[in-house]
Structure formats: C-alpha cells, structure tokens
Amino acid sequence: MKILFEIFENLKMSFESIIASPLRSFLASLGVMVGISIVILMGWLLDGLDNSFQKTFEIIGADMIYVDKWDWTGGKSWKLLRNRKNLTLEQALKLKENHTSAERVIPNFNQWGGTVQFEKETIEGISVVGAPSENQHTPAGDLIEGRYYTEFEDNQAEQVLVIGYNVYKALFPNGKAVGEIVKMNNRKYEIIGVVRKRGTFMFDFIDNQVFIPINNFIKVYGNKSRSVNIGVKAGSKEKLDEVRTETIGLMRTIRNVKPEAENDFSINETKVFEESIAKIRSIIWLAGIGLTMLSFVVGIIGIMNIMFVSVTERTKEIGIRKSMGAKKRSIWSQFLFESSALTFGGALISIVVCSGLIYVARIAVIKFFPDISEVVEYFPPYLSLQLVIIASSVSIVLGIFAGLIPAIRASNLDPVNALRAD
Amino acid sequence: MESKTVIDIENISKIYEMGTQQVFALRDVSLKIGENEYVALMGPSGSGKSTLMNILGCLDTPTDGKYLFKDENVKEMTDNDLAEIRNREIGFVFQTFNLLPRANAVKNVELPLVYSGMSPSKREELAEQTLINVGLGDRMDHKPNELSGGQRQRVAIARALVTNPAIILADEPTGNLDTKTGDEIMILFNKLWQNGNTIILVTHEEEVAMHAKRIIRMRDGLIESDTENPHFKVK
Ligand SMILES: Nc1ncnc2c1ncn2[C@@H]1O[C@H](COP(=O)(O)OP(=O)(O)OP(=O)(O)O)[C@@H](O)[C@H]1O
Ligand SMILES: [Mg+2]
C-alpha cells in the first residue's frame, strides 16, 4: 500500500513538473520522439512487407515443393542448369506412384508468351500451364467463377480453359467469362473457370497464367523437348521436411543419380524466398537501427541535460524533502519517474504523429498512385498493439537511462548543503 | 527524578573550511538532554546555535565527537535510518522556514506524512487539523509567497508537529511573530511539553526562554552556561 502511495505521489510530481514548463519538456524529448518514430515506422513498414510476402507464399503454396530442372535461387550457374537432362512426364508419374508421404504429386508444363483473344480484345504475355485436374487442389484452384476441368476432360484432352484474374479483367471487364469461347494461340477454347486474384505487387505475373488439361497441352505443344515441373504438396508445413527428403530420394533413384553425385534437379520452395526476405528485413533494420541509435543518443543527452538542470533548480527542494524524512530511494525515484515520464510522453506524441502519417500516406498512395494502390492493403491502417507496447517500453527504458545519473546525484545531496542553495 | 536520556553528545565540534581559513562553529560541545525536557538555547548571532540544532536533528554531521540518539551512535546509522529518525522522531522548525514555494500550506504540512507512507486522504485531514491548531485554518490554500512571515512560521511549525514527534527542535520559532501570536505558539509548546514531548528551542528573547525549564547559553561555539530556569513555573 505504502509503495502505491509513493508511486502515485511520484507520478503526480513528475506530471506537475513537466507541465510547469511544457515547451522545455517538449524540446528535451524531441530526440527521443524522432527515435521512437523511426522505430514505429520501421516496424509498420516491416509488418506491411511481411504481409505481402505472406500473401506471396500463399500463391506459391507454403506447403508445396517444386521439383524442377531450373533453380529459383539463382545460386547455380545457368550453364549447369541448362545441361541437366529434362525431367520427363514418365519420371513425374513414377514419383507420384511411389511417393508415400506427399498428399499430391502434380506435374505440369509451361509455355510462355501466349496470346488470348476475345472478340476485339487481346492480351499478350500469357503463360499457358498444362496440368492435370488435380491442380485444383493447389493455390491455383481457388475459383471465383465456374469450375475446374475433370479428370475425364483431361483424359479426353478437351479444349477447355481456366483463366487467371488478369486475363479475366482484360477480356471481360463486364464480368461473365464462363461459357465464352476465346482464341488462344489461334486455337479455340471454352472458358470454364476463373481463378481468384492471387498476385501481389511483387508477384503480379501469376495472374497472367491460364490452365488447360495436361493432355491437351501435350497434344498442342508437345512434350518432347520440354522439362516437366513437378509440384509436390505436403499437406502441411510441418510435413515439408519429410516430404522433401522422400522426394529427393525417389527422384535420385528414378533419374539414376550416382550415390556420390549431386542432384541433377532442383527442389524449389517458398523457403528460398524466406531467406531473401530475411535479408531485406535485416537491411531495413540495420538502416533503421543506425538512425534510431543516433537519435536515441541525441535524445538521451537531451533528457539527461534537462534532468541535471532540474536537479540543480530543485536542490533546495531536495534538501527540504530530505530533512522531512525522504529516503534516497524516494528522491531518485522521483527523478527517474520524471525522466521516464518525459520520454514516455514523447513516445505517446510519436505514436499519435505516426498514426497520422500512416493514415495520410495510405490515402496519398491511393490518390496519386492508383496503379499500385493495392499495395496499401498489406500495410495496416493503424499501428499494431505490439508496436505501441514496444515503443512505450523502449521509451521508459530510455528515460531511466537518461535520468539515472542526475537522479543518483540528487539522492546523494547532503540535506544541510542542499538547504543552503537558493 | 532522573529521566531517560534521548540526546547525548560528547565533545562535538564542527569546523568549516573556508579556503585556508577554518571556522570553528562548534568546539568540543558536550550535552545530555533527557526525555520530556524543555530546553531553551540562547546566545548571540553566530554562536553556533543553528549548527548545533542541525546536528541534533540528524541533518548535519559533526566534524568530530560522538552523538548518541536514544543510545544509538548516529555515526553508525545508515542513510535510511537517519531518514526514519528525521521523519518519525524529530519535528524540525527551521529558522528560515524552508517551505516548498510551489505547494500550498496543506501540501507543505503534509510533506513528512508523504514519506511515512500515509494515505493521501488521511494526510490531508491531519495536515488541515494541525494548521487549525496553529491558527491557520483560513489560509490552507495559500502558497508561502501569499503568506506573511509569521504565517509562514506557523506553517513550518505545523509541519514539524504533524507527525506528532517525541522531540521538537525549533530554531527561533517565534522570531517573526508579534507578541500575541508568539504567546499562542508558546502555549502550544507548553501543551506539547505537558503531553510528554521533549522540546528544544532556540531564541534570543529572554521572555520566550522563561517558558523553558532549562536554559543553555552559547558563545563562540562553546556552551557558556547550562542552568535550570529559576523563574520556571508550571502553567
Ligand atoms: N556553511 C557554512 N560555511 C562556513 N561557515 C559557516 C557555515 N554555516 C555556519 N557557519 C559559521 O558558523 C558559525 C555558527 O553559525 P550558526 O548558523 O550556527 O549561528 P547561529 O548561532 O545560529 O546564529 P543566528 O542567531 O544568527 O542564527 C558562524 O560563524 C557562521 O559563519
Ligand atoms: Mg541560527
């Protein structure tokens, strides 16, 4: 109870002392405010980036690995990759047959640079994907209209087409695509489904994909000199390690890779993105931390200075308090409360100002850069509770840091000497 | 009847170093004061009265000598022990009042109670009652610069009395008061003494000193005389 009264008393005193000279208090905490604002904005930026990356992972499938001739990481030389033997459909089917841990094994072929035409509208730069009907169980199977082709239609190599969102928007601005006949690379296809928008500002091309039955793809484009890309769905992120190990083992057997030789195929998964994202994150952090540290140092010096002034101005008061029975603890806690109240107040101002900045920034992007306005979706319109808590606690720690030496000096004053000060 | 000794100083001296010069504020002063004594400390200006009071009040430390407060050596006490003594055992009235300039009368009187951990509502109640007792019931919200010298002195006295300390050290408590209020304050001190408190007060007025049972006269940092007050009568 006693300690509560003392805390309450300290809070009251620090509040009174701060509002006694508001401008001085504001200027003193300016450095801390700048630092805290950088922390807040950086945290918010990283949150937004994380959200958009997360969305990207969903497109690719966080529980999927892709066996491919090509490598996503770009770590291997292009020549080495080019000299690999193609992955064949037969190998993919063998993998599917023998896999025990994977939920699904889905081969697919890709043909870049296609054109789709509907009445007078044309869209170019389309990527034609030939995949079995099972492909509807991957992230590409989430439709906003129509249906996926069936196994029967696949086996019959029917001329049916599931289009990506960009194709849909370009050719059917008024909606209603299912049932229409379009010309793709000069062949007629019936649209049976439309995939939900998947791309983000970083992964926009994914909505330029269209899907046709794999047997139709083979009939139209052939599979002789093509390498198949095999999607292996683990079913959950936890199963990824097991599924990856089995996949590599099976593929090595299927492709007769000698025990001591390297894999002659690549395993691609979202993990490689996670690594490069971690790199981007740390670059942002490093840049931010540098600026933050700088402003914190300036901020701490500002607060420390004002606290020394405050101790000097109130030497007599300290003498009075000590002669009335204040312990050292009461004196130093009084000054620590005051310095922390200064920095905490600064943090509150930063939080309000940054919230305003974020609000304005989102509106400005939507208004002046409508092309990328969807970016805004990934950047939250308010500061997360976590950020607010971090900013507040950091500010209090800073306040304690800055106030420590002045507070100790105040508490060590000799009562009679302090009383003699004016 | 021999009372219990509460204050016992032996060969206390206080030397101020002023550059190359040494100022002997107290030289080898020894003194015993028992429970419920009523002592007046007299002497010309600069004779060391305030210096002695500060030491007795555990605010200042002597350059030399031994101070036993209630049989305990003050030199061996921690900062916290000293703070407790200042807070609970002693009520100190400063010659120069030493009030908090930004706080009103009630808040000033509450100050020692803040450090004894009393609840805000109880504190305020007690402080107001004590201000009424010193005749300042109508000046509770006034800040020191809104009070006359005598009124400030009474706030300082109320602050010393509010914790109901066993020992009251008052440095010229009537120095700024007219005869009438001075008398009122002295009646208050008499009452406290009759209730069992120990009272030590500094004064240069013989009239005020006559209230005390024992009169100590100082000169140049030395005790010149220490006698029973022959004119003392219980009122
Ligand atoms: N901080 C100090 N530095 C140097 N000398 C001091 C200090 N405090 C007191 N003195 C000296 O010590 C001596 C005693 O001072 P003290 O204040 O005790 O006198 P006093 O008896 O209370 O006088 P008064 O009746 O005027 O209040 C004086 O000569 C004074 O100059
Ligand atoms: Mg004096």
Side-chain angles (χ1 to χ4, degrees), chain A residues 1-22 24-25 309-338 407-422, chain B residues 14 16 25 50-62 78-103 107-124 144 155-156 159-160 162-163 165 169 171:
Chain A
M1 212 46 187
K2 271 190 187 182
I3 196 81
L4 281 183
F5 291 143
E6 190 163 340
I7 289 172
F8 176 73
E9 204 61 33
N10 278 324
L11 280 175
K12 217 172 72 180
M13 278 194 282
S14 43
F15 185 69
E16 281 166 358
S17 150
I18 287 170
I19 57 165
S21 41
R24 185 171 98 174
S25 306
V309 171
S310 179
V311 170
T312 309
E313 279 176 351
R314 278 147 65 186
T315 301
K316 178 142 190 170
E317 177 192 323
I318 295 163
I320 294 171
R321 290 182 185 279
K322 285 197 118 179
S323 63
M324 289 299 131
K327 295 182 176 155
K328 276 188 176 179
R329 189 199 62 213
S330 307
I331 302 295
W332 59 246
S333 63
Q334 177 188 343
F335 284 94
L336 283 191
F337 262 87
E338 189 172 323
I408 289 174
R409 180 182 284 187
S411 73
N412 281 338
L413 284 173
D414 172 73
V416 176
N417 285 335
L419 282 172
R420 222 167 265 139
D422 333 280
Chain B
K14 181 76 185 180
Y16 292 106
S50 295
T51 307
L52 180 60
M53 291 292 266
N54 284 342
I55 289 171
L56 295 184
C58 295
L59 293 171
D60 206 354
T61 45
T78 63
D79 278 323
N80 275 354
D81 294 337
L82 292 173
E84 295 260 350
I85 288 182
R86 295 196 283 258
N87 188 242
R88 289 168 206 281
E89 311 268 0
I90 295 171
F92 205 104
V93 184
F94 292 97
Q95 190 172 11
T96 50
F97 320 136
N98 288 332
L99 300 174
L100 293 177
R102 281 201 300 257
K107 293 283 169 211
N108 264 295
V109 175
E110 275 184 39
L111 194 60
L113 303 176
V114 169
Y115 295 113
S116 62
M118 191 178 277
S119 79
S121 55
K122 259 172 113 183
R123 241 157 49 195
E124 195 174 311
V155 175
R159 187 179 62 182
V162 75
T163 53
L169 301 176
D171 201 346

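Convention: sequence-line order gives letters A, B, ...; per-chain numbering from 1. All figures in this text were calculated on a predicted structure; none of them were measured in a lab. Excluded from the calculations below are hydrogen atoms, water molecules and symmetry mates; all remaining heavy atoms, backbone and side chain alike, are included.
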Which atoms of Ser116(B) come close to chain A, meaning under 4.5 Å heavy atom to heavy atom: side chain ones, backbone ones, both, or neither?
-> backbone
Test log, rule salt bridge (Lys or Arg N to Asp or Glu O under 4.0 Å), inputs Arg102(B) and Glu313(A) | CA-CA 13 Å; Arg102(B) 281 201 300 257; Glu313(A) 279 176 351; over 6 Å; no
Which atoms of Asn98(B) approach chain A - backbone, side chain, both or neither, heavy atom under 4.5 Å = both
For Ile90(B), is it the side chain, the backbone, both, or neither that has a heavy atom closer than 4.5 Å to a heavy atom of chain A?
-> neither
Are Thr78(B) and Asp81(B) close enough that a side-chain donor and a side-chain acceptor fall under 3.5 Å?
-> yes
Backbone N/O of Ala83(B) and side chain of Lys322(A): donor-acceptor pair under 3.5 Å = no
Under a 4.5 Å heavy-atom cut-off, does chain B meet the side chain of Arg329(A), its backbone, both or neither?
-> neither
Spell out, as yes or no, whether a donor-acceptor pair under 3.5 Å connects the side chain of Ser323(A) to the backbone of Pro415(A).
-> no
Mind running side-chain contact (heavy atoms from CB on, under 4.5 Å) on Asp60(B) and Lys14(B) for me, showing each step along the way?
-> CA-CA 10 Å; Asp60(B) 206 354; Lys14(B) 181 76 185 180; 3.3 Å; yes
With chain A, which of Arg123(B), Glu84(B), Arg86(B), Met118(B) has the greatest number of heavy-atom pairs at distances under 4.5 Å?
-> Arg86(B)
Please look at Glu6(A) and chain B and tell me whether the side chain, the backbone, both or neither of the residue comes under 4.5 angstrom of a heavy atom of that chain.
-> neither
